[in-house]
Amino acid sequence: RKLMMIVVALMMATISANAQQAGDFSVGANASYSFKTKSFAPGIRVQFNILRMLRAEIGGDLWTKKDNWQAYDAFFNLHLLIHVSEKFKIYPLAGVGYINTKEDGKDYNDEVYNVHVNVPEKSRDNAFGNAGLGLQLNFTPHFGAFVEGKYQFKDNDQFCASFGLVYIF
């Protein structure tokens, strides 16, 4: 019974909220953190509301170099917008993406065997899927902030958190 009341309240909030209609377009910048690689990434994103409750997003991140490892990614996500109030929304997200990782080569002398070792640079391309949850708070009709957590499914599964700012046109 309580669950039914919550569902009805969320549906009413979704119907009555006026912010971000179909056709709205926004751009944003974010900072992300990978809990697996313990690295940071600045990123950009572009969002378009297909329907009042459905938003498409494309974006990308440039992961900072750490321990001879660096990467960049590009992604496409769909957000199911749950309008909690006119300024606040929660959105489950799901999507796909591409990531390129690059590991520097190593050049060193193995003193045990008295040989010179040269390990070449490695670069890998991977597709990934992701699923997560986001929150967005609009301070004004044209400016907001968001925070997201998403799990990326790929060769090396990882959880990433992002926060950022968006400008809504």
Side-chain angles (χ1 to χ4, degrees), residues 6-37 39-66 70-102 123-169:
I6 292 170
V7 169
V8 169
L10 283 173
M11 288 173 57
M12 290 179 68
T14 300
I15 292 168
S16 64
N18 292 324
Q20 287 196 298
Q21 301 299 318
D24 281 356
F25 169 76
S26 60
V27 295
N30 61 274
S32 298
Y33 180 75
S34 165
F35 288 90
K36 182 168 189 167
T37 62
S39 59
F40 290 93
I44 58 170
R45 54 186 64 205
V46 176
Q47 301 169 331
F48 181 77
N49 285 33
I50 299 168
L51 302 170
R52 188 168 185 292
M53 293 182 58
L54 184 64
R55 176 169 65 195
E57 171 186 68
I58 59 170
D61 300 300
L62 178 60
W63 295 92
T64 57
K65 192 168 188 172
K66 182 171 170 65
Q70 186 173 4
Y72 62 87
D73 66 26
F75 54 84
F76 172 79
N77 292 326
L78 289 174
H79 300 171
L80 179 61
L81 302 172
I82 302 167
H83 298 267
V84 177
S85 72
E86 188 173 322
K87 294 184 176 194
F88 182 69
K89 60 183 69 63
I90 299 171
Y91 54 93
L93 66 91
V96 295
Y98 160 83
I99 187 167
N100 173 272
T101 57
K102 186 181 286 187
S123 181
R124 288 188 3 195
D125 297 311
N126 283 310
F128 65 86
N130 63 58
L133 185 69
L135 309 170
Q136 182 173 327
L137 176 63
N138 292 343
F139 304 119
T140 72
H142 297 288
F143 185 69
F146 66 89
V147 62
E148 288 180 354
K150 59 185 172 185
Y151 191 80
Q152 294 181 331
F153 305 95
K154 58 183 174 86
D155 286 349
N156 298 318
D157 294 354
Q158 67 177 353
F159 181 78
C160 296
S162 301
F163 70 91
L165 301 172
V166 291
Y167 183 80
I168 305 159
F169 292 91

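We use all heavy atoms of the structure for the numbers below, so side chains are in, but hydrogens, waters and symmetry mates are not.
- Residues Asn130 and Leu93 meet the side-chain proximity criterion, which asks for heavy atoms closer than 4.5 Å.
- Side-chain N or O atoms of Asn100 include none that pairs as donor or acceptor with a backbone N or O of Tyr72 at under 3.5 Å.
- Contact of the His79 side chain with the Phe146 side chain is not registered, since no non-hydrogen atoms from C-beta on lie closer than 4.5 Å.
- Atoms CG and CG, from Leu81 and Leu54 in turn, are 7.5 Å apart once rounded to the nearest 0.5 Å.
- In this structure, the separation between CD on Gln47 and CD on Glu57 is 4.5 Å, given to the nearest 0.5 Å.
- Side-chain atoms of Gln136 and Asn138 form a donor-acceptor pair, as typed in the model, at a separation below 3.5 Å.
- Rounded to the nearest 0.5 angstrom, Ile90 CD1 and His83 NE2 are separated by 11.5 Å.
- A distance of 9.0 Å separates NZ of Lys102 from NZ of Lys65, quoted to the nearest 0.5 Å.
- Between atom CZ of residue Phe75 and atom CG of residue Asp61 there is a gap of 5.0 Å, rounded to the nearest 0.5 Å.
- Atom CG of Leu137 has more than 12 heavy atoms from other residues, nucleotides or ligands within 6.0 Å.
- Side-chain contact between Ile58 and Phe48 is absent, with no heavy atoms from C-beta onward closer than 4.5 Å.
- By the neighbour-count criterion of 12 heavy atoms within 6.0 Å, atom NZ of Lys154 is densely surrounded, having more than that number from other residues, nucleotides or ligands.
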Considering only distance and modelled atom types, tabulate donor-acceptor pairs under 3.5 Å from the side chains of residues 158-169, sequence neighbours left out.
| from | atom 1 | to | atom 2 | distance (Å) |
| --- | --- | --- | --- | --- |
| Gln158 | OE1 | Ser34 | OG | 2.5 |
| Gln158 | NE2 | Gln152 | OE1 | 2.7 |
| Ser162 | OG | Ser32 | OG | 2.6 |

Take Gln70 and Leu62 through the test side-chain contact (heavy atoms from CB on, under 4.5 Å) and record every step on the way to the result.
-> CA-CA 8 Å; Gln70 186 173 4; Leu62 178 60; 4.1 Å; yes
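- With a 4.5 Å cut-off on side-chain heavy atoms, Lys66 and Phe40 do not count as touching.
- For Thr101, the side-chain hydrogen bond (donor to acceptor under 3.5 Å, both in side chains) criterion is met by no residue, not counting sequence neighbours.
- For Ala56, the side chain to side chain contact (heavy atoms under 4.5 Å, CB included) criterion is met by Ile50, Phe76, Leu78, not counting sequence neighbours.
- Remark: Phe128 CZ to Lys150 NZ distance equals 6.5 Å, nearest 0.5 Å.
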Take Val27 and Ile44, measure what side-chain contact (heavy atoms from CB on, under 4.5 Å) needs, and give me the verdict at the end.
-> CA-CA 8 Å; Val27 295; Ile44 58 170; over 6 Å; no
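- Between Phe153 and Tyr151, the ring planes lie perpendicular to each other; the angle is over 60°, past the 30° to 60° tilted range.
- Side-chain contact between Pro92 and Ile82 is present, with at least one heavy-atom pair separated by less than 4.5 Å.
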